[in-house]
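A single structure is presented below for examination.
In the text below, chain A, chain B and the rest are named by the order of the sequence lines, each starting its count at 1.
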Amino acid sequence: MNKPEETHVDFIRQIVAQDVAEGKNDGRVHTRWPPEPNGYIHIGHAKGFLLAYGIAKDFNGKFNLRFDDTNPAAEEQQFVDGIIEDMHWLGVDWDDRLFFASDYFEQLYEWAEYLIKAGKAYVCDLSAEEISKHRGRAIHENDRTITPPGKNSPYRNRSVEENLDLFRRMRAGEFSDGSKTLRAKIDMAHPNLNMRDPVMYRIIRVTHHRQGDAWCIYPTYDWTHGQSDAIEGITHSTCSLEFENHRPLYNWFLDQLPIVNRPRQIEYGRLNLTHTVMSKRKLRQLVEEGHVSGWDDPRMPTLRGLRRRGFPPEAIREFIHGIGVTKSDGFVDVAFLEYCLRQDLNKRAQRRMAVLDPLKVVITNYPEGQVEELTAINNPEDESAGTRQVPFSRELYIEREDFMEEPPKRFYRLAPGREVRLRYAYFITCTDVIKDESGNIIELRCTYDPATRGGDAPDGRRVRATLHWVSVQHAIDAEVRLYDHLFSKENPLDVEEGEDWLNGINPDSLVVLTGCKIEPDLGNITPGERFQFERKGYFCVDPDSAPERPVFNRTVTMRDTWAKLRKQKLA
RNA sequence: UAGGGCGUAGCCAAGCGGUAAGGCACCGGCCUUUGGCGCCGUGAUCGGAGGUUCGAAUCCUCCCGCCCUAACCA
């Protein structure tokens, strides 16, 4: 894995280190993360803020959280609160440096007038459609793309006085939504479209979640971002690759203004994960159209989804750390996320026994009415987790798939006449198979060997398999939700022309099991608690869980080489 | 020949002129009271072609492929 402290640091930290070495910003390092509060954040965002936060930590600098709330049409307070909650959950902290771009609206407005007075911004009456046309649309012909130079807006040469007057009246609310904009006067022939007189302000009469109706003109991202960075004294402004084309504009604005701070924008490749989607727009669609139960559906890559699924924050951090930071568009295999997850859970999750698909077993030579308490280890990876007692009796449940009447070659679990071990209990041998009229197996009769108490045979006799089990009279009923990848395809967006990507949703991404049998020790649990159900995977108590009705989410299965073998055989 | 960016094994990713780290996945094997965990082993000449050099994945040239941008979204 890429551990900076071991071998190397990512290219961004190299740049920062060099800036510090050269004495830029007096050796100060200050980063920020600027989410737009228009949805809940996902693991791709975690890569972004963990990077900015990590850089600040590594260089003994500061980190700000700043909400980029310049478009009231999409933004809501609930997302502000949710984002803060999710970031704290991941262990990120910004002391008292919580900011909002909207706090800078007045300063931004003053600077806009400054640019107008300098002849570098003008009020334009062109419609959105007209602006687009004037900018020069790319033309595709014979494999070539030609971008014709743009045409100047007919309003480009208004006098400073007229622009100032118009702009003030824009703010005063004299014009209708969309009828006018303030544009930077740069170069309509510039090869970078972003430099062709970009819009700085538009008229939108929508109540802002923090500013209320104080404004009817709102600054655009480009006009807000670099200035906000400068105001906060940000030294290194990290963002994803799609903003690379905006960097010249980011710098241009800073160059025109009487600002001393010089934040430096650096871009990295955003995270893509297989079998899921990572765009807020798509995730919102999944939620709004009811394909998932909400932003916190355990199948969602959102931080709240992963949390409900049972991911410890440490596993996510380890994952983000492991994938590295580069400028190439990565498509990371979820298998790596799952690896980090299991790695973490294996060390911390206490083990319990739970039978998800119960098959009754009667130990015919075990005394009726007798109950024994057997000692089970809570976590073989962590001695401090201690042990617990598990009740054993004449009637038990085992996993239905752990028995086969006609076992294939490599199946070495229970079968007629075969002896296996019940974990921490006894060796048992299957003597009879009981079926109903339809031929379905409904019960197994077995005998046990009293000498193997605890699971070891004094004569050194060995068995191939160890099964988990639960005593019938002590078992607690539970609901277990089995989750799998939300999309079957590695890249859900890679669909045929005209096909809806939503058709790619994995129909088995959620399977709800009821009547599962869990060991009595699980009678006292609280939402969020994580366990390993031996041999079945890692599970987390869902918020829906109630004392009389426990509900578990499967976070991830165990690695399962038997399942793999079986699949190979079928293939 | 629009502008910008990327191209090292299936995936992520080191390498910054001295002769290809590491991780995941995969495949073998060992171990095992979780077919879990752990341990051991197996794979690339670096998108392609030229050039510079004693020597290049690392420098130069050309070519190819992929991504981003044409919202008054961010």
Ignoring backbone atoms, test whether Thr220(A) places a side-chain nitrogen or oxygen under 4.0 Å from the OP1 or OP2 oxygen of A74(B).
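For Thr220(A), the contact criterion (side-chain N or O under 4.0 Å from OP1 or OP2 of A74(B)) is not met.
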
Across all strands, who's sitting opposite G65(B) as a Watson-Crick or G-U wobble pair, both distances under 3.5 Å?
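Checking every strand shown, G65(B) finds its partner in C6(B), with both distances under 3.5 Å.
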
Between G4(B) and G43(B), how far is it from one P atom to the other, in whole Å?
42 Å

Need one value for Leu422(A): base, sugar-phosphate or nothing, where a base atom within 4.0 Å counts as base even if backbone is also close, heavy atoms only.
nothing

If only side-chain N and O atoms of Arg559(A) are considered, is one of them under 4.0 Å from the OP1 or OP2 phosphate oxygen of C37(B)?
yes

Nearest-Å distance for atom pair NE2/P, residues His208(A) and A74(B):
11 Å

Describe the nucleic acid contact of Asp560(A) in one word from base, sugar-phosphate, nothing, applying a heavy-atom distance below 4.0 Å.
nothing

Heavy atoms under 4.0 Å, any strand shown: does Lys564(A) hit a base, just sugar-phosphate, or nothing?
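It contacts sugar-phosphate atoms only.
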
Base, sugar-phosphate, or nothing for His225(A), non-hydrogen atoms under 4.0 angstrom?
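His225(A): no heavy atom of the nucleic acid under 4.0 Å.
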
Please compare Arg423(A) and Glu75(A) by the position of their nearest nucleotide in RNA chain B and report the one closer to 5'.
Arg423(A)

In whole angstroms, how far is the P atom of A74(B) from the CD1 atom of Ile83(A)?
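Atom CD1 in Ile83(A) sits about 15 Å away from atom P in A74(B).
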
Could you check A71(B) for me: syn (within 90° of 0) or anti?
syn

With a 3.5 Å cut-off and heavy atoms only, can you find an N or O donor on one side and an acceptor on the other between the side chain of His134(A) and the base of A70(B)?
no

What is the nucleic acid contact for Phe331(A), judged by heavy atoms within less than 4.0 Å: base, sugar-phosphate only, or nothing?
sugar-phosphate

Report the C-alpha separation of Tyr538(A) and Asp344(A) in whole Å, then their side-chain angles, then the decisive distance to 0.1 Å, and conclude whether the side chain to side chain contact (heavy atoms under 4.5 Å, CB included) test is met.
CA-CA 11 Å; Tyr538(A) 294 95; Asp344(A) 186 89; over 6 Å; no

Determine: side-chain N/O of Gln343(A) to OP1/OP2 of G38(B), distance under 4.0 Å, yes or no.
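Affirmative; the distance criterion is met.
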
Please determine whether a side-chain nitrogen of the Lys or Arg among Lys280(A) and Glu36(A) lies less than 4.0 Å from a carboxylate oxygen of the Asp or Glu.
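No, Lys280(A) and Glu36(A) are not salt-bridged.
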
So what does Thr224(A) hit on the nucleic acid, given a heavy-atom distance under 4.0 Å: a base, only sugar-phosphate, or nothing?
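No contact.
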
Contact class for Gly330(A) vs. all strands (heavy atom < 4.0 Å): base, sugar-phosphate, or nothing?
sugar-phosphate

In terms of side-chain geometry, is the basic nitrogen of Asp125(A) or Arg158(A) positioned less than 4.0 Å from the acidic oxygen of its partner?
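A salt bridge links Asp125(A) with Arg158(A).
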
For C46(B) versus G38(B), give the span between their P atoms, rounded off to a whole number of Å.
34 Å

Ionic contact status for Arg461(A) with Glu419(A), cut-off 4.0 Å:
yes

Spacing between His275(A) atom NE2 and A25(B) atom C1', to the nearest angstrom
12 Å

Give one of base, sugar-phosphate or nothing for Tyr201(A), where a contact means two heavy atoms less than 4.0 Å apart.
nothing

Nearest heavy atom decides the nucleotide; on that basis, is Asp333(A) or Trp562(A) closer to the 5' end of RNA chain B?
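Mapping each residue to its closest nucleotide by heavy atoms, the 5'-most match is Asp333(A).
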
When we call it a touch if two heavy atoms are under 4.0 Å apart, what does Arg535(A) touch: a base, just sugar-phosphate, or nothing?
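Arg535(A): base contact, heavy atoms under 4.0 Å.
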
Ile131(A) CD1 to C73(B) P: how many Å, rounded?
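Those two atoms, CD1 and P, are 10 Å apart.
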
P spacing across the pair G48(B) / G7(B), given as an integer number of angstrom
14 Å

In Watson-Crick or G-U wobble terms, both distances under 3.5 Å, what is the partner of U42(B)?
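Base partner found: none.
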
Euclidean distance for C1', U53(B) against G17(B) (whole angstrom)
9 Å

Glu22(A): what forms a side-chain contact (heavy atoms from CB on, under 4.5 Å) with it, not counting sequence neighbours?
Gln18(A), Asp19(A), Lys24(A)

hbond_proxy Glu381(A) side chain to G36(B) base (donor-acceptor, 3.5 Å cutoff):
yes

Under the side-chain contact (heavy atoms from CB on, under 4.5 Å) test, residues paired with Ser240(A) that sit two or more places apart
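Counting only residues at least two positions away or on another chain, Ser240(A) forms a side-chain contact (heavy atoms from CB on, under 4.5 Å) with Glu242(A), Phe243(A), Tyr268(A), Arg270(A).
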
Using a strict threshold of under 4.0 Å (side-chain N to carboxylate O), is an ion pair present between Glu381(A) and Arg348(A)?
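Judged by the 4.0 Å cut-off on N to carboxylate O distance, Arg348(A) and Glu381(A) do not form a salt bridge.
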
Length of the line joining Asp456(A):CG and U34(B):P, which is rounded to integer Å:
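It works out to 11 Å between those atoms.
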
Note: Arg135(A)-Asp197(A) ion pair, threshold 4.0 Å (strictly below):
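Looking at Arg135(A) and Asp197(A), the cut-off is not met.
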
Distance below 4.0 Å between Arg247(A) side-chain N/O and C68(B) OP1 or OP2:
no

State whether Ser132(A) places a side-chain N or O below 4.0 Å from either non-bridging phosphate oxygen (OP1 or OP2) of A71(B).
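So the side-chain polar atoms of Ser132(A) do come within 4.0 Å of the phosphate oxygens OP1 or OP2 of A71(B), strictly under.
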
Mind checking the P distance from A13(B) to G41(B)? Whole angstroms is fine.
26 Å

Considering every strand and a 4.0 Å limit on heavy-atom distances, what is the contact class for Arg183(A): base, sugar-phosphate, or nothing?
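Answer is nothing: Arg183(A) stays at 4.0 Å or more from every strand.
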
Measuring to OP1 and OP2 of G4(B), would you say a side-chain N or O of Lys327(A) lies under 4.0 angstrom away?
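Indeed not, no polar side-chain atom of Lys327(A) lies that close.
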
How far does the P atom of U58(B) sit from the matching atom of A20(B), given to the nearest Å?
14 Å

So Leu467(A), base contact, sugar-phosphate only, or nothing? Heavy-atom distance under 4.0 Å.
nothing

With a 4.0 Å limit, can you tell me whether Ser328(A) has a side-chain N or O closer than that to the phosphate oxygens OP1/OP2 of A13(B)?
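Yes, because at least one side-chain N or O of Ser328(A) sits under 4.0 Å from OP1 or OP2 of A13(B).
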
Classify the side chain of Glu244(A) versus the base of U69(B) as yes if they form a donor-acceptor pair under 3.5 Å and no if they do not.
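No.
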
Ion pair Arg535(A)/Asp560(A), N-O distance below 4.0 Å
no

Find the distance Tyr538(A):OH to U34(B):C1' and express it as a whole number of Å.
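Roughly 9 Å, once rounded to whole Å.
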
May I ask you to say what Gln14(A) touches in the nucleic acid, namely base, sugar-phosphate or nothing, with a heavy-atom cut-off under 4.0 Å?
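Base contact.
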
Under a plain distance cut-off of 3.5 Å, with no hydrogens placed, do Tyr104(A) and Glu232(A) share a side-chain donor-acceptor pair?
yes

Between G36(B) (P) and Ile377(A) (CD1): distance, integer Å
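Between P of G36(B) and CD1 of Ile377(A): 18 Å.
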
Phosphate OP1/OP2 of C68(B) contacted by Arg270(A) side-chain N/O (<4.0 Å)
no

Interatomic distance at C1', G51(B) relative to G65(B), whole Å:
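Rounded to whole Å, the distance is 23 Å.
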
Would you say C24(B) has OP1 or OP2 under 4.0 Å from some side-chain N or O of Tyr339(A)?
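So the side chain of Tyr339(A) is within the cut-off, an N or O lying under 4.0 Å from OP1 or OP2 of C24(B).
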
Just checking Pro380(A): base, sugar-phosphate only, or nothing, at a heavy-atom cut-off of under 4.0 Å?
base

Scan Arg351(A) against the nucleic acid and name what it touches under 4.0 Å (heavy atoms): base, sugar-phosphate only, or nothing.
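Here Arg351(A) touches the bases of the nucleic acid.
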
Check: Asn245(A) side chain, G3(B) base, donor-acceptor under 3.5 Å
yes

Under a 3.5 Å cut-off for both contacts, is C59(B) paired Watson-Crick or G-U wobble with anything, and if yes, with which nucleotide?
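The answer is G51(B), by the H-bond criterion.
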
Taking G23(B) as the reference, what is the distance to U52(B) when you measure between their P atoms (whole Å, please)?
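About 39 Å, rounded to a whole number of Å.
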
